[in-house]
Amino acid sequence: MKPHLKPILWENRNLHIIDQTLLPGALNHIPITTLQEAEDAIKLLKIRGAPALGIFAGFALLAIVIHEKPKNVSEAIQIINHSADVIKKTRPTAVNLFWATDRILKVVNNTSHETLNNLLNNIEQEALNIYQEETKACEQIGIYGSSLIKNSTTILTHCNAGALATGEYGTALSPIYIAYEEGKSVHVYADETRPLLQGARLTAWELQYAGIPVTLICDNMAGQVMKEKKVDMVIVGADRIAKNGDTANKIGTYSLSVLAKYHGIPFYISAPSSTFDLNISNGSQIPIEERNPDEIYFFNNKRIAPEGISIYNPAFDVTPAENITAFITEKGIIYPPFDKTIPKTIGNKNEKK
Ligand code: MRU
């Protein structure tokens with residue numbers, strides 16, 4: 001078997017990430033040392049996917065402050081607080097980015113650090129905790145999720161919620177990896193996921209890399225595939241899940257949920273508890289990122305729409321809880337009524353006091 005994909009590497013206090021904008025053409029790791037590099041990496045989607053953004057933020061804050069060579073603890077704390085402010089402004093939807101940044105800030109601002117080295121060690125420990133907890137969560141999601149996958153199952157997925165979007169394993173793809181390792185026969189349909197093609201460039205690539213049978217389709221083919229092929233289940237990831245189960249994920253997830261409901265196909269959201277935001281009661285409160293119109297206006301650097309045309313480019317949508325069969329989490333599979341089962345299973349850990 002090929003080694004598991006790890007998009008984020010932290011070795012000898014150096015941070016490297018797979019530059020996901022280069023896939024599937026090249027598998028390149030790039031160093032991240034400055035705030036500008038970290039900000040660009042997130043905004044340009046060199047690193048992306050909700051859990052990966054959280055893990056990245058933890059290590060990036062440490063890499064940045066080490067690179068700046070502060071003279072004392074208070075200078076270091078200033079650099080970290082400023083960098084955290086900038087990082088939190090990069091992308092608004094995935095709650096993991098805020099959850100992880102706040103965990104680091106809590107260590108930085110609410111603990112006393114006798115020396116600069118103490119401070120750096122404490123941050124490093126918390127960043128590693130986040131990485132290890134999230135990776136373990138993804139593996140456990142796979143174990144729970146695989147129990148839903150029978151032998152000979154066809155699964156449709158959207159965007160990339162695989163290893164590349166996490167520390168390892170993935171969320172939506174983790175049950176598929178584990179089912180495959182358990183010897184079950186699985187076949188995946190991957191939506192290409194316009195406009196930035198995370199399905200075509202990343203999901204199709206990483207499943208092929210793992211040797212899992214995958215067929216790539218355009219987003220607008222999902223309905224036809226559900227109608228004429230046997231799609232047994234849809235599994236997608238999430239960027240933020242409200243207390244009532246409304247779920248933000250990559251644009252196109254909502255329409256997929258409507259299609260699945262029409263065709264009577266179970267629709268699962270796979271996510272770690274860090275993606276649940278129990279501070280918001282429903283999906284209308286989830287901020288939806290709007291991206292540069294050029295992502296739609298151009299394809300492969302060629303303009304594909306009339307000059308001056310009006311373009312709307314929301315990067316995420318919200319799937320209403322009523323379209324969701326269950327949530328696959330590291331704490332178990334959560335079934336409706338979600339307004340009761342989500343707070344009970346995820347707990348108040350993610351709720352601000
Ligand atoms: O814009 P992206 O590529 O960051 O969007 C990613 C998604 O929507 C994923 O489905 C989600 O973050 C879950 S990743 C495990």
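Side chains are part of it too, since the values below use all heavy atoms of this structure and drop only hydrogens, waters and symmetry mates. As the structure is a computational prediction, the values presented were derived from the model and not from experiment. We number each residue from 1, following the sequence as shown. As the structure lists them, so they are numbered: ligands from 1, and atoms in each ligand from 1.
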Dump the pairs for me: ligand 1 N or O, protein N or O, distance under 3.5 Å, to 0.1 Å.
from	atom 1	to	atom 2	distance (Å)
ligand 1	1 (O)	R91	NH2	2.8
ligand 1	1 (O)	K250	NZ	2.8
ligand 1	3 (O)	R48	NE	2.8
ligand 1	3 (O)	R48	NH2	3.2
ligand 1	3 (O)	Q198	NE2	2.9
ligand 1	4 (O)	G49	N	3.0
ligand 1	4 (O)	R91	NH1	2.9
ligand 1	8 (O)	D239	OD1	2.8
ligand 1	8 (O)	N249	OD1	3.1
ligand 1	8 (O)	K250	N	3.2
ligand 1	10 (O)	N249	OD1	2.6
ligand 1	12 (O)	A50	N	2.9
ligand 1	12 (O)	D239	OD1	3.2
ligand 1	12 (O)	D239	OD2	2.9

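With sequence neighbours excluded, the residues satisfying ring-ring contact (aromatic ring centres under 6.0 Å, His included) with Y189 are H187. The side chain to side chain donor-acceptor pair (under 3.5 Å) test applied to T329 returns no partner, not counting sequence neighbours. Remark: S147 pairs with no residue by the side chain to side chain donor-acceptor pair (under 3.5 Å) rule, at least two apart or across chains.
Between the side chains of N282 and S284, at least one donor N or O lies within less than 3.5 Å of an accepting N or O. Side-chain contact check for N220 and R194: no donor-acceptor pair (N or O, by modelled atom type) lies under 3.5 Å. With 3.5 Å as the limit, one finds a donor-acceptor pair spanning the side chains of E330 and S273.
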